[in-house]
Novice: 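Sharing a structure with you now.
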Amino acid sequence: MLNLKDIRKDLNFFKEKIKSRFINNSDQILDLLIKLDENHRKNLETQQELQNQRNSISKNLSVEKDKNSEKFKNLSSEVSSIKNSIATLETELAKLQSNINEILHSLPNIPLDEVPVSQDENGNIEVKKSGSVRKFDFKPLSHDVLAKNLDLIDFETAANISGSRFVILKKDLAKLERALINFMIDLHTNENGYLEHNVPILVNEKSMFGTGQLPKFKDEQFQTNNNLWLIPTGEVSLTNMVADKITKYEDLPLRLVTSTPCFRLEAGAAGKDTQGIMRQHQFSKVELVSIIQPEFRVKELERMLSCAEKVLELLKLPYRVMLLSSGDMGFSAEKTYDLEVWIPSQNKYREISSCSSCSTFQANRMKARYKTIDNKNELLATLNGSGLAIGRTIIAILENYQNKDGTISIPEVLQKYMSQKTIG
RNA sequence: GGUCAGGUGGGUGAGAGGCUGAAACCAGUCGUUUGCUAAAUGACCCUACGAGUAAAAUCGUAGCGAGGGUUCGAAUCCCUCCCUGACCGCCA
């Protein structure tokens with residue numbers, strides 16, 4: 001959530017920045033916001049003045065012993081009429097506040113200057129390419145075919161149990177998933193300085209609001225009939241750990257890692273990636289979150305990116321780093337790097353991680369603050385990144401490490417986690 | 001799920017319709033004194049919003065789990081909900 005006070009101070013700056021996010025009628029929306037805010041503050045002043053009057057009359061009444069005296073009756077009726085005016089104003093104020101909130105809650109974060117301005121992914125910039133793409137002396141198969149041939153995957157049974165976009169991994173493939181999670185968490189805790197957590201994957205509405213999934217992206221989330229939501233990413237639970245409190249300066253930065261199942265409705269993705277396990281309703285992901293003083297956030301994003309890259313480097317998978325454009329970035333992000341891994345069967349790079357700085361955008365929604373050195377309460381900066389998406393890592397390993405005979409070699413760093421060197 | 005007990009500032013914990021934004025103690029911050037690895041002592045020390053300021057100071061309003069209600073006046077009385085703890089039941 002953007003800070004209303006900041007918008008007040010420099011409306012034109014915000015108009016320009018929001019425009020770069022390609023929001024319809026953004027100028028008019030911001031003008032309306034300012035108008036509502038001015039109106040709200042004007043009414044608030046009047047209301048507070050009336051409350052002041054009410055309080056002081058009440059104070060006079062408290063010293064008046066005789067409740068039947070003329071004076072008591074007069075003052076009582078005076079205060080009654082003031083109360084009516086206050087009530088009217090209150091209704092008006094509540095309406096204005098909810099209109100203000102509606103706008104404020106729907107505005108995306110402001111991109112940093114270095115973010116390329118573009119409506120969609122065509123404006124993304126490749127900032128790095130790493131590893132060399134393997135030349136096959138046979139035609140590489142797609143991950144789902146490879147897995148099916150080895151009897152390691154079952155879409156039919158999963159569909160019967162749950163529906164489309166669900167999968168059952170079997171035997172060594174199930175083991176590979178577990179090995180990957182352990183490998184990644186070990187890396188992030190032992191070498192990258194993140195603290196391991198095990199978190200709820202069902203969360204309340206407030207938490208989903210805090211990280212920005214609600215209210216705008218309601219249609220992409222699974223909801224239970226008990227007002228709980230299945231998290232679409234571990235980011236929700238990890239980031240909300242600092243919600244509604246004032247974190248001590250010396251506790252920063254907080255670097256948190258978790259592995260959770262993630263749930264996505266994929267409502268707008270009908271027909272997209274229907275082959276294999278590229279796009280599932282449920283998938284595992286190792287998630288990194290950093291909570292830090294805002295002034296360090298850009299540096300922290302680079303650090304986080306390199307932590308995620310480290311996973312791909314150790315797995316010896318070819319990848320590239322993309323700086324996302326203003327129109328392709330997520331709602332809460334001010335700057336995002338995507339890591340894309342090489343997928344031989346598709347002959348292209350596909351997203352396997354997304355690392356974002358959300359500046360104080362989420363913190364503002366969550367009321368996540370910290371005490372500065374000079375004892376002021378300021379909003380925190382939050383960052384999140386995948387380190388990595390497990391399902392897509394499995395795809396990348398199966399396809400990049402496949403052998404001509406249909407077996408899969410296991411990347412060296414995973415061998416001790418699998419206690420074997422090949423699958424199949 | 002049932003019964004009981006609770007939810008007050010960073011912590012412990014008073015308050016039981018106006019004198020309470022909230023005692024006291026602990027922690028914390030800034031001084032003073034003596035000195036030695038500690039003690040004594042004073043002041044300060046919740047948050048949000050609005051006004052104000054160069055920034056402070058300062059002023060106003062609101063907040064005692066949340067939301068309603070009663071009242072001229074609610075942390076305090078009433079209602080609903082949420083959460084925590086204990087015990088019982090059930091259960092991985």
Side-chain angles (χ1 to χ4, degrees), chain A residues 1-10 33-101 103-105 198-210 214 223-229 237 240-252 254 260-261 291 360 363-380:
Chain A
M1 188 164 74
L2 301 176
N3 205 330
L4 186 52
K5 277 184 189 165
D6 296 338
I7 302 178
R8 233 182 253 159
K9 268 189 220 143
D10 196 350
L33 178 65
I34 291 298
K35 215 183 89 197
L36 290 167
D37 175 48
E38 279 169 5
N39 216 252
H40 181 260
R41 270 151 57 218
K42 206 182 76 208
N43 279 293
L44 192 61
E45 260 184 80
T46 318
Q47 191 208 29
Q48 292 186 350
E49 175 52 32
L50 286 170
Q51 284 171 325
N52 193 357
Q53 283 177 33
R54 179 200 61 192
N55 291 345
S56 64
I57 295 176
S58 277
K59 211 149 236 169
N60 287 338
L61 279 170
S62 74
V63 297
E64 180 65 45
K65 293 281 181 295
D66 183 4
K67 295 204 171 189
N68 292 316
S69 72
E70 210 48 33
K71 188 181 166 198
F72 192 94
K73 282 178 182 164
N74 286 340
L75 286 176
S76 285
S77 70
E78 194 182 335
V79 92
S80 287
S81 83
I82 291 175
K83 268 175 63 181
N84 281 334
S85 316
I86 292 174
T88 313
L89 272 174
E90 217 161 64
T91 317
E92 182 66 19
L93 279 166
K95 213 164 77 194
L96 285 166
Q97 188 66 63
S98 98
N99 290 337
I100 289 168
N101 285 343
I103 294 176
L104 229 38
H105 294 167
N198 214 301
V199 296
I201 59 176
L202 280 170
V203 301
N204 60 27
E205 190 171 323
K206 183 178 68 104
S207 299
M208 290 289 272
F209 173 81
L214 293 178
Q223 182 180 17
T224 71
N225 56 9
N226 302 304
N227 272 324
L228 291 173
W229 301 73
S237 307
N240 273 287
M241 284 178 60
V242 292
D244 296 313
K245 60 180 175 192
I246 300 172
T247 304
K248 289 191 193 130
Y249 188 91
E250 57 266 31
D251 290 342
L252 299 172
L254 283 169
T260 66
I291 311 285
T360 57
N364 198 199
R365 292 175 153 244
M366 297 188 298
K367 298 193 177 29
R369 292 167 296 163
Y370 74 105
K371 278 259 187 251
T372 63
I373 297 179
D374 46 347
N375 221 33
K376 288 208 167 67
N377 299 325
E378 300 281 0
L379 291 173
L380 283 161

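Chain naming here is simple, since letters A, B, ... match the order of the sequence lines and numbering starts at 1 in each. These figures come from a predicted structure and were not determined experimentally.
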Novice: Under 4.0 Å from OP1 or OP2 of B:U47: is there any side-chain N or O of A:Arg369 that close?
Specialist: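 Answer is no, no contact under 4.0 Å.
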Novice: Determine which nucleotide pairs with B:C90, using a 3.5 Å limit on both distances of a Watson-Crick or G-U wobble pair.
Specialist: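 Paired with B:C90, as far as the under-3.5 Å criterion goes, is no nucleotide at all.
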Novice: Rounded to whole Å, please give me the gap between CG in A:Leu89 and P in B:C49.
Specialist: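 Rounding to the nearest Å, CG of A:Leu89 and P of B:C49 are 21 Å apart.
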Novice: Just how far is it from atom CD of A:Glu49 to atom CD of A:Gln51, taken to the nearest 0.5 Å?
Specialist: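 One gets 10.0 Å once the value is rounded to the nearest 0.5 Å.
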Novice: Looking at B:G85, which nucleotide sits across from it as a Watson-Crick or G-U wobble partner, both distances under 3.5 angstrom, or is there none?
Specialist: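 B:G85 is paired with B:C4.
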Novice: Between A:Ile82 (CD1) and B:C72 (C1'), how many Å, whole number?
Specialist: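 It works out to 10 Å between those atoms.
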Novice: How close or far is atom C1' of B:C82 from atom CG of A:Asn226, stated in whole angstroms?
Specialist: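 So the two atoms are 14 Å apart, to the nearest Å.
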Novice: When the P atoms of B:G42 and B:C26 are compared, how many Å lie between them, rounded to an integer?
Specialist: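 Between the two P atoms, the distance is 12 Å.
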Novice: Distance check: side-chain N/O of A:Lys371 vs OP1/OP2 of B:C45, anything under 4.0 Å?
Specialist: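 No, outside the criterion.
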Novice: Give a yes/no on whether any side-chain N or O of A:Asn55 is located under 4.0 angstrom from OP1 or OP2 of B:U61.
Specialist: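 Answer yes for this pair, as a side-chain N or O of A:Asn55 is under 4.0 Å from OP1 or OP2.
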Novice: Determine, stepwise, if the pair A:Leu36 / A:Ile103 fulfils side chain to side chain contact (heavy atoms under 4.5 Å, CB included).
Specialist: CA-CA 10 Å; A:Leu36 290 167; A:Ile103 294 176; 4.0 Å; yes
Novice: In terms of side-chain heavy atoms, does A:Ser207 have a donor or acceptor partner in A:Asn204 at a distance below 3.5 Å?
Specialist: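 Yes.
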Novice: RNA chain B: A:Arg54 or A:Asn377, which has the more 5' nearest nucleotide?
Specialist: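 Going by which nucleotide is closer to the 5' end, it is A:Asn377.
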Novice: Considering just the side-chain nitrogens and oxygens of A:Lys5, establish if one lies under 4.0 Å of OP1 or OP2 belonging to B:G50.
Specialist: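 So the side chain of A:Lys5 is within the cut-off, an N or O lying under 4.0 Å from OP1 or OP2 of B:G50.
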Novice: Expressed as a whole number of angstroms, how long is the span from A:Asn364:CG to B:A48:P?
Specialist: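 Taking atom P of B:A48 as the reference, CG of A:Asn364 is at 12 Å.
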Novice: Starting from P on B:G50, measure out to CG on A:Leu93 and report it in whole angstrom.
Specialist: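 It is 12 Å, rounded to the nearest whole Å.
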Novice: Please give the distance between the C1' atoms of B:C4 and B:A43 as a whole number of Å.
Specialist: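 Rounded to whole Å, the distance is 45 Å.
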Novice: Work out how far the P atom of B:G60 is from that of B:C19, and round it to whole angstrom.
Specialist: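 One P to the other, the span is 15 Å.
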Novice: Considering only the P atoms, how many Å lie between B:A62 and B:A55, rounded to the nearest integer?
Specialist: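 Looking at atom P only, B:A62 and B:A55 are 26 Å apart.
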Novice: Give the rounded distance in Å between these two atoms: NZ of A:Lys248 and P of B:G11.
Specialist: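 So the NZ-P distance, A:Lys248 to B:G11, works out to 10 Å.
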Novice: Examine B:G50: is either OP1 or OP2 under 4.0 Å from a nitrogen or oxygen in the side chain of A:Arg8? Give yes or no.
Specialist: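 Affirmative; the distance criterion is met.
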Novice: P atom, B:G18 versus B:A51: distance in rounded Å?
Specialist: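 Those two atoms are separated by 33 Å.
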Novice: Taking the C1' atom of each, how far is B:G68 from B:C82, in whole Å?
Specialist: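 So the two C1' atoms sit 14 Å from each other.
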Novice: Could you give the distance separating B:A14 and B:C88 at their C1' atoms, to the nearest angstrom?
Specialist: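 It works out to 33 Å between them.
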Novice: Return the orientation label for the A:Phe209 and A:His105 ring planes: parallel under 30°, perpendicular over 60°, tilted otherwise.
Specialist: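 A:Phe209 vs A:His105 ring planes: perpendicular.
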Novice: Which whole number of Å gives the distance between the P atom of B:G17 and that of B:A75?
Specialist: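 Approximately 13 Å lies between the P atom of B:G17 and that of B:A75.
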Novice: To the nearest angstrom, how far is A:Asn101 atom CG from B:C49 atom C1'?
Specialist: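 Answer to the nearest Å: 13 Å.
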Novice: Determine whether A:Asp244 and A:Lys206 satisfy the following criterion, side chain to side chain contact (heavy atoms under 4.5 Å, CB included), listing intermediate values before the conclusion.
Specialist: CA-CA 11 Å; A:Asp244 296 313; A:Lys206 183 178 68 104; 2.6 Å; yes
Novice: Under 3.5 Å for both donor-acceptor distances, Watson-Crick or wobble: does B:A74 have a partner, and if so which one?
Specialist: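 No nucleotide pairs with B:A74.
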Novice: For B:G50, which nucleotide in any strand shown is its Watson-Crick or wobble partner with both distances under 3.5 Å?
Specialist: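 Check on B:G50: paired to B:C59, both distances under 3.5 Å.
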Novice: Quick one: A:Lys83 NZ to B:A74 P, roughly how many Å, whole number?
Specialist: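 Spelled out: NZ on A:Lys83 to P on B:A74 is 8 Å.
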Novice: Does the side chain of A:Asn52 pick up a donor-acceptor pair with the side chain of A:Gln48 at under 3.5 Å?
Specialist: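 Result is no, nothing qualifies.
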Novice: For the base of B:G60, is there a side-chain donor-acceptor partner from A:Gln48 under 3.5 Å away?
Specialist: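 Check passes, donor-acceptor contact within cut-off.
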Novice: Just wondering, more than 12 heavy atoms not from A:Glu378 lying within 6.0 Å of its CD?
Specialist: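 Atom CD in A:Glu378 is packed in, count exceeds 12.
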Novice: For A:Arg41 and B:A51, is the shortest distance between a side-chain N/O and OP1 or OP2 below 4.0 Å?
Specialist: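 Answer yes for this pair, as a side-chain N or O of A:Arg41 is under 4.0 Å from OP1 or OP2.
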Novice: Can you tell me the pairing partner of B:A24 across any strand shown, Watson-Crick or G-U wobble, with both distances under 3.5 angstrom?
Specialist: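 Its partner is B:U12.
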Novice: For B:A40, which nucleotide is its Watson-Crick or G-U wobble mate, given both distances must be under 3.5 Å?
Specialist: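 The answer is B:U32, by the H-bond criterion.
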Novice: Does A:Lys376 or A:Gln47 map to a spot on RNA chain B nearer the 5' end, using the closest nucleotide for each?
Specialist: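 Upstream on the strand: A:Lys376.
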Novice: Return no unless some side-chain N or O of A:Asn52 is found under 4.0 Å from OP1 or OP2 of B:G60.
Specialist: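 For B:G60, neither OP1 nor OP2 has a side-chain N or O of A:Asn52 closer than 4.0 Å.
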Novice: Both distances below 3.5 Å, Watson-Crick or wobble geometry, any strand: find the nucleotide opposite B:C64.
Specialist: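 Paired with no nucleotide.
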